[in-house]
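As structure tokens, the structure follows; a few thoughts come after it.
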Amino acid sequence: MEKLVEAIQEELLKHLVLESVQPEDPIKVRNVPGPWVLLGSGNYAAVLLHPEYEDYAVKVYAPGRPGLTEEAEVYRRLGAHPAYSVLYHAGPNFLLLKRLRGITFYDCIKRGISITDQSIRDIDEALKYAVSRGLHPHDVHAKNVMLGDGRGLIVDISDFLKQEDCTMWNDFKKAYSRLYRPVASFGVFPVPDTVLEAVRKGYRLWRRKRS
């Protein structure tokens with residue numbers, strides 16, 4: 001693991017370019033040095049892997065985006081649980097984590113891959129576990145949860161120290177039971193990214209009006 005940490009510091013961080021354009025939008029990944037591979041990016045950070053260390057993922061926070069210290073504390077409280085990753089090392093702007101393998105619910109819908117009822121139950125149980133560890137699940141939505149071998153995984157816990165209520169997961173479950181499952185019973189099909197992004201932005205506006 002020491003060699004991997006050294007590679008992160010000397011090979012990845014010196015050449016990786018992340019840009020924070022709008023505070024409410026996902027960050028932009030401008031450059032990824034080889035042989036590193038971009039797994040994904042979100043509102044705060046990008047997640048990458050080195051092909052020689054495929055069981056590990058590196059989460060690098062973009063300049064000006066908060067949350068690294070808080071996320072490390074969340075992992076400390078969670079300990080070991082099958083629905084969550086594990087923190088191995090925390091650097092000044094990166095976290096070295098156990099890699100979770102699967103596909104986000106967002107990409108399942110985009111690619112026409114069925115989201116299982118079991119994965120929904122798994123995430124419900126994992127969120128209850130987080131509450132039992134003194135955490136307050138927040139920002140749990142289709143881009144932050146994943147389907148792996150038919151089971152549910154939670155890939156972003158960076159906001160679990162926030163205290164305000166968050167209804168995102170309950171809202172997703174309502175859409176899943178009232179819309180997704182009835183439609184999926186006739187067969188799943190790919191949904192264009194433009195449609196999903198329109199739904200995401202519409203949902204964000206609806207939440208603002210509701211709050």
Side-chain angles (χ1 to χ4, degrees), residues 1-107 123 126 129-130 133-149 151-162:
M1 189 177 298
E2 291 182 3
K3 289 185 178 180
L4 177 54
V5 172
E6 182 179 347
I8 294 169
Q9 295 171 334
E10 297 298 322
E11 299 174 11
L12 177 61
L13 297 181
K14 288 185 177 181
H15 303 284
L16 178 69
V17 179
L18 304 179
E19 186 178 351
S20 176
V21 181
Q22 296 292 336
E24 295 183 349
D25 290 332
I27 65 166
K28 302 294 183 182
V29 182
R30 300 302 189 191
N31 183 67
V32 176
W36 292 87
V37 177
L38 178 68
L39 294 178
S41 60
N43 290 335
Y44 303 133
V47 180
L48 307 101
L49 70 80
H50 192 291
E52 295 182 10
Y53 302 92
E54 292 189 345
D55 291 330
Y56 300 89
V58 184
K59 184 170 185 177
V60 183
Y61 273 73
R65 295 288 172 118
L68 185 146
T69 302
E70 291 81 1
E71 184 168 0
E73 171 62 16
V74 172
Y75 278 115
R76 186 193 68 80
R77 294 194 195 183
L78 285 173
H81 187 282
Y84 296 103
S85 182
V86 176
L87 175 63
Y88 296 121
H89 178 86
N93 64 334
F94 74 91
L95 301 175
L96 178 57
L97 304 165
K98 173 186 174 182
R99 180 186 175 190
L100 296 178
R101 300 174 186 266
I103 179 171
T104 66
F105 282 12
Y106 182 94
D107 284 334
I123 292 168
Y129 170 79
R133 305 293 289 183
L135 298 167
H136 197 76
H138 194 94
D139 202 31
V140 182
H141 54 75
K143 286 188 175 183
N144 285 345
V145 295
M146 196 159 62
L147 180 70
D149 293 327
R151 306 304 297 261
L153 306 169
I154 301 175
V155 296
D156 191 341
I157 46 78
S158 56
D159 288 329
F160 276 29
L161 290 181
K162 290 185 176 180

Within-4.5 Å side-chain heavy-atom neighbours: [X] and [Y]:
X	Y	answer
Phe160	Val140	yes
Phe105	Ile123	yes
Tyr88	Leu4	no
Glu70	Ser158	no
Val74	His136	no
Leu16	Val32	yes
Leu87	Arg76	no
Glu54	Val37	no

Please report the shortest heavy-atom distance between [X] and [Y], naming the atom on each side.
X	Y	value
Lys143	Val155	O-CG2, 4.2 Å
Leu68	Gly91	CD2-O, 3.6 Å
Val29	Ala46	CG2-CB, 4.0 Å
Thr104	Ala142	CB-O, 3.7 Å
Pro137	Ala130	CG-CB, 4.1 Å
Pro51	Pro35	CD-O, 3.1 Å

Spatial distance of atom NZ (Lys59) from atom CG (Leu39) [nearest 0.5 Å]: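 Result: 12.0 Å between the selected atoms.
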CG/Leu18 to NZ/Lys28 distance, rounded to the nearest 0.5 angstrom? 12.5 Å
In Ile103, Asn144, Leu100, the residue satisfying side chain to side chain contact (heavy atoms under 4.5 Å, CB included) with Leu153 is Leu100
May I have the step-by-step check of side chain to side chain contact (heavy atoms under 4.5 Å, CB included) for Val5 and Tyr56, ending in yes or no? CA-CA 11 Å; Val5 172; Tyr56 300 89; over 6 Å; no
Do side-chain atoms of [X] reach the backbone of [Y] as a donor and acceptor pair under 3.5 angstrom?
X	Y	result
Arg133	Arg77	yes
Ser20	Ile27	no
Asn31	His15	yes
Arg99	Leu49	no

Pair Tyr106 and His141, ring centroids less than 6.0 Å apart: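 No: the rings miss the under 6.0 Å criterion.
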Stepwise salt bridge (charged side-chain N to carboxylate O under 4.0 Å, His left out) check, Glu6 with Lys3: CA-CA 5 Å; Glu6 182 179 347; Lys3 289 185 178 180; over 6 Å; no
Please work out whether the ring planes of Tyr129 and Tyr84 are parallel, tilted or perpendicular, with thresholds of 30° and 60°. tilted
Please determine whether side chain to side chain contact (heavy atoms under 4.5 Å, CB included) holds for the pair His89 and Ile8, giving the CA-CA distance in whole Å, both sets of side-chain angles, and the decisive distance to 0.1 Å. CA-CA 11 Å; His89 178 86; Ile8 294 169; over 6 Å; no
Establish, from distance only, whether the side-chain atoms of Glu71 and Tyr61 form a donor-acceptor pair under 3.5 Å. yes
